[in-house]
Amino acid sequence: MAYAQALCASISYASASFNKVLPQGFPQSKGLSYFVMNSRANQAKQAHICAEIQRERDPMAKDHAGIKVPHVLTVAGSDSGAGAGIQADLKACAARGVYCSTVITSVTAQNTVGVQGVNIVPEEFVAKQLKSVLSDMQVDVVKTGMLPSSGIVKVLHQSLKDFPVRGLVVDPVMVSTSGDVLAAPSVLQVFREQLLPMADIVTPNLKEASALLGSPKLETVGDMHAAAKALHDMGPRNVLVKGGDLPDSLDAIDIFYDGKNIFELRSSRIKTRNTHGTGCSLASCIAAELAKGSSMLQAVKVKYACNDVVLKQFTLAAKHYIEASLDYSRDLVIGNGRQGPFDHFLRLKRNMHSTYRENAFDPSDLFLYAVTDSRMNKKWGHSISDAVKAAVEGGATIVQLREKDIETRDFVEAAKSCLEICRSHGVPFLINDRVDVALACDADGVHVGQSDMPVRVARDLLGPEKIIGVSCKTPVHAEQAWVDGADYIGCGGVFPTNTKENNITVGLDGLKTVCMASKLPVVAIGGIGILNARSVMEINESQLKGVAVVSALFDRECVLTETKKLHSVLMEVTYMK
Ligand SMILES: Nc1ncnc2c1ncn2[C@@H]1O[C@H](COP(=O)(O)OP(=O)(O)OP(=O)(O)O)[C@@H](O)[C@H]1O
Ligand SMILES: Cc1ncc(CO)c(N)n1
Ligand SMILES: [Mg+2]
């Protein structure tokens with residue numbers, strides 16, 4: 001019986017997947033559907049309707065109707081234990097909603113204990129695989145992993161010259177965490193000469209960074225900063241030195257350098273043995289994000305010149321995914337060795353563990369929080385969507401639509417057009433107060449005040465995936481927000497403001513008190529602008545993630561210029577070293 005059920009489920013899945021890739025208007029696959037209908041008529045019919053609805057909603061499915069699917073090609077080795085290498089890359093790309101093709105450079109016999117054997121694929125055959133994929137399949141981004149011989153690196157270099165792609169992510173795999181050598185020493189030189197100058201980003205771990213530089217062991221965050229800068233001199237546009245193996249560090253710290261600014265990317269270090277393949281998965285995830293946002297990347301690249309803010313955002317998204325996956329899989333037991341694989345497919349498990357949130361809120365999105373105001377837009381002759389577009393193009397990292405005097409119908413319309421702008425820039429979009437409007441336009445969440453709909457009720461209506469923020473003035477409010485399941489709190493008014501009447505100001509001291517008490521990330525709000533943003537961020541509280549502004553952006557003639565100015569003030573105070 002169990003076998004029959006498994007068979008039916010597989011056939012139903014195969015049929016749904018097959019139908020999903022058929023061009024629009026093409027008849028459904030009769031053979032498979034017939035079998036399923038006969039055996040479990042009702043269930044199959046329902047599954048079919050669900051698949052159709054999903055297809056309608058899924059932008060990837062629409063891509064099949066003639067628009068290109070984002071595509072990563074991984075050039076890497078096979079790990080028989082499937083924790084790292086090609087297998088990790090496939091899983092990470094699938095989990096991030098990107099198609100992944102594979103060129104296999106070597107086959108390893110590997111498990112959770114270590115690497116028992118390596119069989120290198122002849123370089124001519126690596127060349128053949130590269131040509132097969134690159135000549136036919138519209139690859140957006142190439143991601144490299146294990147490149148075991150200098151001949152293979154040369155072949156790849158030539159193929160990328162013959163078939164240029166939009167992005168190259170180089171994970172310079174050399175030694176596995178178990179200590180086994182995965183690339184010949186002669187590879188280092190060709191890497192430096194041919195691959196690094198072509199790379200958009202190179203992502204060495206501590207050992208790989210020192211091998212590429214020919215320098216002593218990296219032991220501190222300071223060493224990682226210096227290594228990132230020295231590696232950048234070798235030609236890649238961006239460098240990410242990964243600190244997964246940094247001794248005695250409570251956080252998992254990676255250093256990102258874009259040739260101009262150094263960024264310390266921190267996430268909490270998950271206590272788990274299941275970290276095998278984190279490096280491969282992180283690089284694949286960066287490649288996947290690049291593939292999905294590549295047109296945007298090109299657009300933004302012009303604006304930010306060499307300050308590659310977008311690639312940093314993609315990298316942060318990837319790091320966030322690894323942290324969430326490790327946390328989710330921390331107690332998995334696969335294999336008897338020291339280091340096990342983790343589970344890439346949080347999304348598929350969501351139904352089984354309904355409280356789990358795949359798209360958990362990223363607190364760094366609070367960095368520059370733009371709150372709209374219709375009166376100001378009217379005053380300056382800006383439409384809501386033009387104002388929002390200028391704000392996100394200027395560097396706003398989250399947007400809240402705050403419309404006080406507007407008909408519901410117009411509110412929903414405005415929300416829909418702003419949502420589209422925000423989505424195309426990867427910026428979360430929230431609605432002020434109105435949970436119904438957030439639901440109607442499928443916004444990313446809401447921001448509520450102390451006298452609006454209670455957070456718990458909003459959470460019930462919106463479900464676990466949406467972002468909920470709540471305004472708080474006191475530590476008691478902050479505690480309640482956490483208990484009720486909010487994602488962040490807005491604290492203020494910090495300074496007097498004319499956007500809210502009779503609003504008690506809490507001052508920098510009040511802000512500090514709330515930040516110290518809050519278990520949730522905090523964004524400061526109220527009378528903040530270019531002149532005082534620095535003083536706010538300099539209260540130096542780890543929970544304070546950014547500033548929310550209204551007038552400083554929207555009560556101005558040029559929203560774009562003002563947002564850029566505030567963005568650079570915040571960058572200076574937060575990241576510049
Ligand atoms: N225990 C952990 N908790 C959270 N993040 C982690 C942990 N271990 C590693 N990471 C993160 O995972 C990513 C990969 O880092 P790491 O230094 O382990 O790469 P790697 O050695 O190339 O990985 P591997 O060889 O296992 O594929 C980095 O972003 C790192 O900060
Ligand atoms: C095949 C392969 N690629 C990469 C790594 C690095 O984790 C590994 N252990 N195995
Ligand atoms: Mg590691």
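Please read all numbers here as calculations on a predicted model, not as lab measurements. Counting starts at 1 for both ligands and their atoms, in listed order.
One finds a salt bridge joining D89 and K143 here, because a Lys/Arg side-chain nitrogen approaches an Asp/Glu carboxylate oxygen to under 4.0 Å. At a threshold of 4.0 Å, the pair K519-E479 counts as salt-bridged, since one of the basic side-chain nitrogens sits closer than that to a carboxylate oxygen.
Contact annotation: for I86 versus ligand 2, there are no heavy atoms closer than 4.0 Å. Using a 4.0 Å cut-off between heavy atoms, K319 contacts ligand 1 through its side chain alone, with no backbone atom that close.
Remark: S284 OG to D171 CG distance equals 8.0 Å, nearest 0.5 Å.
Residue R269 has no nitrogen or oxygen atom sitting less than 3.5 Å from a nitrogen or oxygen atom of ligand 1, judged on distance alone. Backbone and side-chain nitrogen or oxygen atoms of I253 are examined, and none is located within less than 3.5 angstrom of a nitrogen or oxygen of ligand 1. The shortest N/O to N/O separation between D254 and ligand 1 falls below 3.5 Å. Ligand 1 has no nitrogen or oxygen under 3.5 angstrom from a nitrogen or oxygen of T272. The N/O atoms of D171, backbone and side chain alike, include none that comes under 3.5 Å of an N/O atom in ligand 1. For A252, no nitrogen or oxygen atom sits less than 3.5 Å from a nitrogen or oxygen atom of ligand 1, counting backbone and side chain alike. For the pair G277 and ligand 1, the shortest N or O to N or O distance falls below 3.5 Å. Below 3.5 Å of separation, one finds an N or O of G279 facing an N or O of ligand 1.
Using a 4.0 Å cutoff on heavy atoms, G83 does not count as a contact of ligand 2.
Using modelled atom types, one finds no donor on one side chain facing an acceptor on the other under 3.5 Å when comparing E193 with H157. For the residue pair D343 / S329, no side-chain donor-acceptor distance below 3.5 Å is found, with atom types taken as modelled.
For the pair D180 (side chain) and V115 (backbone), a donor-acceptor distance under 3.5 Å is present.
For an aromatic pair to be called close, the ring centres must be under 6.0 Å apart, and Y488 with H447 satisfies this. Proximity of the aromatic rings of H276 and F342 is defined here by a centroid distance below 6.0 angstrom, and this criterion is not met.
Judged by a 6.0 Å distance limit and a 45° cone about the ring axis, R423 is not positioned over the six-membered ring of F429.
Relative to atom 4 (C) of ligand 1, the option among A84, S268, S325 with the closest non-hydrogen atom is S268.
Among protein heavy atoms, the minimum distance from atom 1 (C) of ligand 2 is reached at G77 O, 3.4 Å. Looking only at protein heavy atoms, the nearest one to atom 7 (O) of ligand 2 is A84 CB, 3.7 Å. When hydrogens are left out, the protein atom nearest atom 6 (C) of ligand 2 is C280 SG, 3.9 Å; that is the closest non-hydrogen contact. Atom 9 (N) of ligand 2 has its closest protein heavy atom at Q110 OE1, 2.8 Å.
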